[in-house]
**Q** 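Dumping the structure here so I can ask a few things about it.
We number each residue from 1, following the sequence as shown. Below, all heavy atoms of this structure are taken into account, side chains as well, without hydrogens, waters or symmetry copies.
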Amino acid sequence: MTRVIQALLALIISVFAFGFLGQWGSAGGGTVDIALIAIWLFTWLGVKDTAIVFAIMVGLLFDSQSFLPFGYWTIMFLLVVLLIDWLKNSYLTVSSFYQAVVVLMVVSFLMSLITSLLLGTTNLLEILTSVLLNLVVGGLIYYLLAFRLKMFQRWTGKRL
């Protein structure tokens, strides 16, 4: 994927996240985190280098619009990419749909928890609601891209 398309996708995600879909001022907020889902998809179904560049683009856009310290979202998204890549290469050798959803659940929970602890607004119900919504939306998008549209036929994962 070219860098121009990545930049346009990052801009679209930023507009949706700060527009009517997201509440980035509140931690978790019980909303769908489309930036996290997009970064998860780029990392899980793509190449690590492409996911790092995309995470930096989205992170810088989020940092420019957020009231958190500059660099927070960029660092968080880079850590998400590195964590997903490490889990995928170290422990998850089959790379199935279920493993992808489990990784999304872990990353979504950790990111919501860290952000809520930083802001001092820890509400476990909102964090769990956000994780559940991310799982539902991420699973549907993964299913649509990987199974129905067959966009990732070249990527087969490691078989046992």
**Q** Just by distance, no angles: are the side chains of T43 and D85 close enough, under 3.5 Å, to form a donor-acceptor pair?
**A**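 The criterion, which ignores hydrogens and geometry beyond distance, is not satisfied for D85 and T43.
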
**Q** Students often mix this up, so state it plainly: with edges at 30° and 60°, are the rings of Y142 and F97 parallel, tilted or perpendicular?
**A**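 Ring orientation of Y142 relative to F97: tilted.
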
**Q** State, yes or no, whether a side-chain contact exists between L104 and F109 at a heavy-atom distance under 4.5 Å.
**A**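 No, side chains not in contact.
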
**Q** Please say which of L78, V80, I34 ends up in a side-chain contact (heavy atoms from CB on, under 4.5 Å) with I39.
**A**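 So the option named by the test is V80.
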
**Q** What's the separation between atom CG in L82 and atom CG in L87, rounded to the nearest 0.5 Å?
**A**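 So the CG of L82 and the CG of L87 are separated by 11.0 Å.
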
**Q** Report the distance from atom CG of N134 to atom OG1 of T129, rounding to the nearest 0.5 Å.
**A**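 Going from CG on N134 over to OG1 on T129, the span is 11.0 Å.
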
**Q** Looking at M111 and W73, what are the two nearest heavy atoms and their distance?
**A**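 Minimum heavy-atom contact is CE-CZ3, 3.3 Å.
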
**Q** Does S112 offer a backbone N or O that forms a donor-acceptor pair with the side chain of S116 under 3.5 Å?
**A**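 Confirmed, S116 side chain pairs with S112 backbone.
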
**Q** Specify the closest pair of heavy atoms between Q65 and S14, including all atoms of both residues, with the distance to one decimal.
**A**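 Looking at all heavy atoms of both residues, the closest pair is NE2-OG, 3.2 Å.
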
**Q** Indicate if V102 and L79 have the same hydrophobic cluster label, given that clusters are the connected sets of ILVMFWY residues with side-chain heavy-atom separations under 4.5 angstrom.
**A**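 No, V102 and L79 fall in different hydrophobic clusters.
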
**Q** Tell me whether W40 contacts the main-chain N or O of A100 through its side chain, where contact means a donor paired with an acceptor under 3.5 Å.
**A**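 Between the backbone of A100 and the side chain of W40 there is a qualifying donor-acceptor contact (under 3.5 Å).
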
**Q** Between CG of L60 and CZ of F70, what distance do you get to the nearest 0.5 Å?
**A**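 Rounded to the nearest 0.5 Å, the CG-CZ separation comes to 5.5 Å.
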
**Q** Taking side chain as C-beta onward, heavy atoms only, is Y72 less than 4.5 Å from T115?
**A**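 Yes - at least one pair of side-chain heavy atoms lies under 4.5 Å apart.
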
**Q** Any donor-acceptor pair under 3.5 Å linking the side chain of S66 with the backbone of D63?
**A**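 No; judged by distance alone, with no hydrogens or angles, the pair does not exist.
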
**Q** Against I37, only a single residue in I141, L133, I13 fulfils side-chain contact (heavy atoms from CB on, under 4.5 Å); can you say which?
**A**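 The residue from I141, L133, I13 that satisfies side-chain contact (heavy atoms from CB on, under 4.5 Å) with I37 turns out to be I141.
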
**Q** Transitively linked via ILVMFWY side-chain contacts under 4.5 Å: L41 with L140?
**A**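 Hydrophobic grouping puts L41 apart from L140.
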
**Q** Kindly give the heavy-atom pair with the smallest separation between A35 and V58, and that separation in Å.
**A**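 That would be CB-CG1, 3.9 Å.
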
**Q** Does the side chain of Q99 come within less than 4.5 Å of Y91's, by heavy atoms?
**A**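 When only atoms from C-beta onward are counted, Q99 and Y91 do not touch, as no gap falls below 4.5 Å.
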
**Q** I'd like to know if V136 and Y143 are part of one continuous hydrophobic network [Ile/Leu/Val/Met/Phe/Trp/Tyr, side-chain heavy atoms within less than 4.5 Å].
**A**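 Unlinked, Y143 and V136 end up in two clusters.
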
**Q** Flag the pair L119 / L68 as yes when at least one side-chain heavy-atom distance between them is below 4.5 Å, and no otherwise.
**A**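 A side-chain contact exists here, since the closest heavy-atom pair is under 4.5 Å.
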
**Q** Could you state the interatomic distance from CG (L36) to CD1 (I84), rounded to the nearest 0.5 Å?
**A**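 L36 atom CG to I84 atom CD1 measures 6.5 Å (nearest 0.5 Å).
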
**Q** Same cluster for L128 and L125 if Ile/Leu/Val/Met/Phe/Trp/Tyr side chains link at under 4.5 Å?
**A**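 Different clusters: L128 never reaches L125 through Ile, Leu, Val, Met, Phe, Trp or Tyr contacts under 4.5 Å.
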
**Q** Is there a path from L132 to L124 through hydrophobic residues (I, L, V, M, F, W, Y) whose side chains come within less than 4.5 Å of each other?
**A**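 No, separate clusters.
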
**Q** If you compare all heavy atoms of V81 against all heavy atoms of A51, which two are closest, and at what distance to 0.1 Å?
**A**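 Between these two residues, the closest heavy atoms are CG2-O, 3.8 Å.
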
**Q** Please assess L9 against F42 for the test side chain to side chain contact (heavy atoms under 4.5 Å, CB included), listing each intermediate value before the final yes or no.
**A** CA-CA 12 Å; L9 187 59; F42 266 91; 3.6 Å; yes

**Q** Could you state the interatomic distance from CG (L110) to CE (M105), rounded to the nearest 0.5 Å?
**A**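 Reported value, rounded in 0.5 Å steps: 10.0 Å.
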
**Q** First locate atom CD1 of I114, then atom CD1 of I75, and finally report the distance between them rounded to the nearest 0.5 Å.
**A**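 I114 atom CD1 to I75 atom CD1 measures 11.5 Å (nearest 0.5 Å).
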
**Q** What do you reckon, are the aromatic ring centroids of F77 and F62 less than 6.0 Å apart?
**A**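 Yes, the ring of F77 comes within the 6.0 Å limit of the ring of F62, centre to centre.
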
**Q** Which heavy atom in M57 sits nearest to a heavy atom in A10, and how many Å separate them?
**A**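 Where M57 meets A10 most closely, the heavy atoms are CB-CB, 4.0 Å.
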
